[in-house]
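Single-structure report; data block below.
Below, chain A is the first sequence line, B the second, and so on; all start at residue 1. Computed from heavy atoms alone, side chains included, the values below leave out hydrogens, waters and symmetry copies. The structure presented is a predicted model; accordingly, all values stated were derived computationally and were not measured.
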Amino acid sequence: MRSNDSAIKFTLSKTERLCSRKIIAGLYESGFFVSKYPIRINYMFTDLPQKDVFLQGMVSVSKRKFSKAVDRNRIKRLLREIYRHRKHQLENRLIEANLPMAVAVIFTGTQKLDYWEMESIFNKVFIKLIAAVEEKIKLGSNPI
RNA sequence: AAGGCAGUCUGAUCUAUCGACUCACGGAAGUGAGUAGGAAAGUCCGGGCAACACAGGGCGUCGCACUUCCUAACUGGAAGGGAUUUUGGGCAACCAAAGUUACAGAAAGUGUCACAGAAACUAAACCGCCUCUUCGGGGGUAAGGGUGAAAAAGUGGGGUAAGAGCCCACUCAUUUUGAUGUGAAUCAAAAUUGGGAUAAACCUUGCGAGUUGAAAGACCAAAUAAACCUGGAUCAAAGGGCGGCUCGCCCAAUUAUCUUCGGAUAAGCCAGAAGGGUAGGUCGAUUGAGGUAUAUUGCGAAAUAUAUCCUAGAUAAAUGAUAGAUACCACGGCAAAAACUGUGGGCACAGAACCCGGCUUAUAGGGCUGCCUUUUUU
């Protein structure tokens, strides 16, 4: 963490979060996802409301699996922190390819995990997601 | 001193790195300040607020039910009354303390009251008791027996053929009158009034309740269809709106052309059907029946006055994540206490969603108060 890394922004401001109900509904219906229990990431390549933002994300926990709001908040906060620390890898690639994208991180488990367990699983899922994006970029850049 | 139960208060602090939301300043980069609870929960009551509805009456439905007071209001709270439970004291009446209490009406009516029992509600006659007898039985009786959760006021005496509130004394209940109290009631006197329980059974009486619920609602932006089709009225009828139902109440009805002056056609109007679009922002929304302190009034809930403070405001939904430390807790070490030190924990219940007043439920650890148990000392 020195001066040459200062370009990396770990921020997660409002423009980088998914707020549009339409896109969220589309995200659940699109069917594109990568997963490793208990984390699943739905993704969709779509135009976003802000032209200079290429990645919008959201975090979700089922109310049915965690009926207490405290538990849901805890899991969402952990997932959001992990997502916030990792997302720059994906975002840089998307900016290079000029490909906007929406992402939903969904916790499908029934047991609470701590930060480090959660992070190791998230990393595995995220590698899959980046691979999926690379494939899309390859297809998109080769007009047939 | 230890343990348990109940009530009540509290629900810790600091540092670093990376973030989120709101506000202020700034041209910008950014800087500064603030950021979850006692229950934010359950959504059980009540109110504010908003939209719609609202001539009035009847029926129905739902809720509440000792009194007075507090409150914006309440199924809330305070103070009190009655009933009742436990403990202690006392021969007893009773007294004290701590609880519990949906506590209007059973003499308006209906229903239910198993089994047992003769009889369970305009009481009854199995054994018994008394009496008459033509010896078959008839009459009187509600003391005693037996059944039952409960047998028709209870105890004692008189009385009688035997008995019975039939009469008397005391007690209990009911009613009436008087006194005290704002009142629930209490106390006293009189009366023969002595007519089971159950209303968290129907019901009756009294009081209260319009419906919906911030996804309410207002405005702006965006989008669009004033398409097409069907029906209807302008002849007061059909129709539509309102409420749980009924009676009922409310609603609009034009223009042009043609005309044989009856009407016709078209547009507009009303209703329906079908289809399409949008689904983003601002307000509502946090200054309020507000909090805190002091004084006064009141037994108290609370009220009034003055001073002071502004204390989350998100909207796919912020208030965080990670690491470390301290307070603190548990166990161990030093013969004991303190101090010191090692290891582990550093936590429960729980997350605002328009806002208030209550109620209910959950809660690790710690503080305080009360009660109970055990042990030690005096």
Any strand: nucleotide that pairs with B:A348 via Watson-Crick or wobble, under 3.5 Å: none
Does a side-chain N-to-carboxylate-O contact under 4.0 Å join A:Glu96 and A:Arg93? yes
Under a 3.5 Å cut-off for both contacts, is B:A73 paired Watson-Crick or G-U wobble with anything, and if yes, with which nucleotide? none
Watson-Crick or G-U wobble partner for B:G213, using a 3.5 Å limit on both distances? B:C49
In Watson-Crick or G-U wobble terms, both distances under 3.5 Å, what is the partner of B:G178? B:C187
Determine: side-chain N/O of A:Trp116 to OP1/OP2 of B:A321, distance under 4.0 Å, yes or no. no
For A:Asn73 and for A:Tyr115, find the nucleotide of RNA chain B with the closest heavy atom, then tell me which residue's nucleotide is more 5'. A:Tyr115
Can you tell me the pairing partner of B:G370 across any strand shown, Watson-Crick or G-U wobble, with both distances under 3.5 angstrom? B:C5
Using heavy atoms to find the nearest nucleotide of RNA chain B for A:Met58 and A:Asp114 separately, return the residue whose nucleotide is more 5′. A:Met58
Can A:Val70 be reached from A:Met118 by stepping across I, L, V, M, F, W or Y side chains whose heavy atoms are under 4.5 Å apart? no
Just name whichever nucleotide pairs with B:A197, Watson-Crick or G-U, keeping both distances under 3.5 Å, else none. B:U112
Is there a side-chain contact between A:Arg77 and the phosphate of B:A318, meaning an N or O under 4.0 Å from OP1 or OP2? no
Base, sugar-phosphate, or nothing for A:Arg80, non-hydrogen atoms under 4.0 angstrom? sugar-phosphate
Side chains of residues 73-83 of chain A: which donor-acceptor partners sit under 3.5 Å, not counting sequence neighbours?
from	atom 1	to	atom 2	distance (Å)
A:Glu81	OE1	A:Arg84	NH2	2.6
A:Glu81	OE2	A:Arg84	NE	3.4

On a whole-Å scale, what distance lies between the C1' atoms belonging to B:U22 and B:A289? 28 Å
